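Data block below; observations after.
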Amino acid sequence: MFEVKNHRWRKVKNGVMESLALGAAGLALVPLALVFYHVVKAGVSSLNWAFFTQLPKPTGEVGGGMANAIVGTFILLGEAAAIGVPVGVLGGVYLSEYGATRLNWWIRFGADILNGVPSIVWGVVVAGLLVVHRITLFGHVLLRRGNSALAGGLVLGLMMIPLVMRTTEEVLRLVPGGYREAALALGVARWRTTLQIVVRTALKGIVTGVLLALARVAGETAPLLFTSGVNLYWMRNLTQPVAALPVQIFSYAIAPYADWHRQAWAAALVLLVFVLLINVGVRVLTRDRFQQNR
Amino acid sequence: MNTIMIDRGEMDTGASPAEPPLSGQAPPSTPALQSLPPSSSTAPALSVKDLCVYFGPNQVLRSVSLEVPARAVTAIIGPSGCGKSTFLRSLNRMHDLVPSARVEGEVKLFGQDIYGPGVEAVLVRRRVGMVFQKSNPFPTMSVSDNVTVGLRLNGLRRRALLAERMEQSLVMAALWDEVKDRLNAPAISLSGGQQQRLCIARALAVQPEVLLMDEPASALDPLATAKIEDLILSLKKDYTIVIVTHNMQQAARVSDFTAFFYLGELIEYDTTSKIFTSPSQKRTEDYVTGRFG
Ligand SMILES: Nc1ncnc2c1ncn2[C@@H]1O[C@H](COP(=O)(O)OP(=O)(O)OP(=O)(O)O)[C@@H](O)[C@H]1O
Ligand SMILES: [Mg+2]
């Protein structure tokens, strides 16, 4: 009486659905494989020691490297983290721990919109604010007109804020209320409870969010084009333009020199490996967390 | 660090368990209470007067008045939803964290109104500790760090003192022998019963005067429950304990006084033996004999 009608037909349908789903999932991996194949194939042959240690050669000369752009990318990411991490984390703490008000709804809504703003728009806005003007304070020139590492770091940092804020809020919400109550019942002040118990408990999740946000902005090109600009030499201070790998890839790839194309591939490989390493780091962190909370 | 600390000598001369509590519902004029000596000579640890608690428009506690004697165990019983936890949490101002909660009335801790103007909830909670139904040791911390966390987050740095308090608290919580070889292990590697005793040790480490326990053993097996009960009995020589429990036998075993709550009201408050053998209220009798609730 429990026999299923058309048992075989059901099995066939099930099999078809399963293979379709598997096919779709597999299809998602195809672009990844393609990207890897191409970048590694073209990049590895162009990578050499000079790429990591030398400055770009003047137009027409063969050789040289992108040492300044590699360092520049780290400088920009450092600036971005300096802006994006404190503001993003504190904002996330506010959303999760304080004020259950309408304001929260608006902040969250705003952050979600900001996450969807195309990066080139960010670039144009910051360029309009910082790059086309001379920034002065009481007659002192703080930032001369033109591209600068400050402007580039600011764009990336601003882009990180909503990303970090939302992930921080999410992971803090996962911290059970019992831990907050336990700490408060020990006579621990609210802010200490928030920082040393709640944030501490969710720290791995927060770091994960920060790393993913860094990986996301590390490859941004459009907003840097108008802000950090191009620099073929070492940057001397943050008010000067600074070279960055994505921008360098862009300008080398559209240039008419085969040697520059090769270097663009090498830069693409370095950037890809960098982002990959961040993701591996995230995996290691989250796996560890799983084991601890088992 | 404890600016509203009242001289703990007051506790040493505190009421003995044999003395009766005062209750709005069971006034001292009842025959059973008359036979006991008056309590005016010693101060109760907590004296609650006309306590009303609201969550938004809902009144959850209705004008509750009772006195919790020092160095005794007072049990709070009553059917689910009658306001036992709400009552307990108003004794250390945990409702401050719930925006919709409103507390009216007076709760005096050794004579001082904890809801009075200028009283810091944080300082009240250092003197009135709490143990929760679901054990909640901090998962990122070791066994020993869990015990000392309250001291460390309140600014105590001296290692020797921390170690001393840690051992002392674990011994008091009857956990030291089981964990002394794994003090650096993660707290969440302990068993459920050990975790709950760790939470008790954590609460004891800040040296509160009163310990509130909200169904501390309801998630534990009989053996672990027995350990917690023994622990409660041994703690009452130094601490004033208020315990919420659903388990009638437990209330009878560990407590000196019992308060029966029903629908937000304190129905009866008396010595535990009186409540369980000859309660003056019909509803109390029905509840303790298992006829409802
Ligand atoms: N934070 C809150 N917000 C709104 N209502 C609440 C809140 N906490 C408790 N209540 C309400 O107050 C009433 C009493 O709750 P309380 O937790 O004190 O009951 P209890 O006697 O401890 O029950 P139990 O035995 O099930 O733990 C319940 O009706 C509950 O819904
Ligand atoms: Mg309860």
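Hydrogens, waters and symmetry mates are skipped; everything else that's a heavy atom, side chains included, is used. Predicted, not measured: the structure shown is a model, and the values here were computed from it. Below, chain A is the first sequence line, B the second, and so on; all start at residue 1.
- Using a 4.5 Å cut-off between heavy atoms, B:Val128 touches chain A through its backbone atoms (N, CA, C, O) alone.
- Residues passing the side-chain contact (heavy atoms from CB on, under 4.5 Å) test with A:Ala243 are A:Asn68, A:Ala69, A:Gln248, sequence neighbours excluded.
- The closest side-chain donor-acceptor pair between B:Arg202 and B:Asn136 falls under 3.5 angstrom.
- A distance of 6.0 Å or more separates the ring centres of B:Phe132 and A:Tyr179.
- Top candidate by heavy-atom pairs under 4.5 Å with chain B, chosen from A:Arg200, A:Gln196, A:Arg192, A:Glu181, is A:Glu181.
- Comparing B:Leu97, B:Asn92, B:Val131, B:Val149 by how many heavy-atom pairs each has under 4.5 Å with chain A, the most go to B:Leu97.
- Ranked by heavy-atom pairs shorter than 4.5 Å toward chain B, the options A:Thr193, A:Leu184, A:Leu203 are led by A:Leu184.
- For B:Arg89, the part lying near chain A is the side chain, with the backbone staying farther off; criterion is any non-hydrogen pair under 4.5 Å.
- With chain A as partner, the option from B:Met94, B:Met130, B:Arg93 having the largest number of non-hydrogen pairs under 4.5 angstrom is B:Met94.
- Using a 4.5 Å cut-off between heavy atoms, B:Leu212 makes no contact with chain A at all.
- Side-chain N/O atoms of B:Thr148 and B:Arg152 include a donor and acceptor closer than 3.5 Å.
- The cationic atom of B:Arg127 (NZ for Lys, CZ for Arg) does not lie both less than 6.0 Å from the six-membered ring centre of B:Phe110 and within 45° of the ring axis.
- Heavy atoms closer than 4.5 Å to chain B are found in the side chain of A:Ile197, but not in its backbone.
- Shown here are the ring-ring contact (aromatic ring centres under 6.0 Å, His included) partners of B:Tyr115, two or more places apart in sequence or in another chain: there are none.
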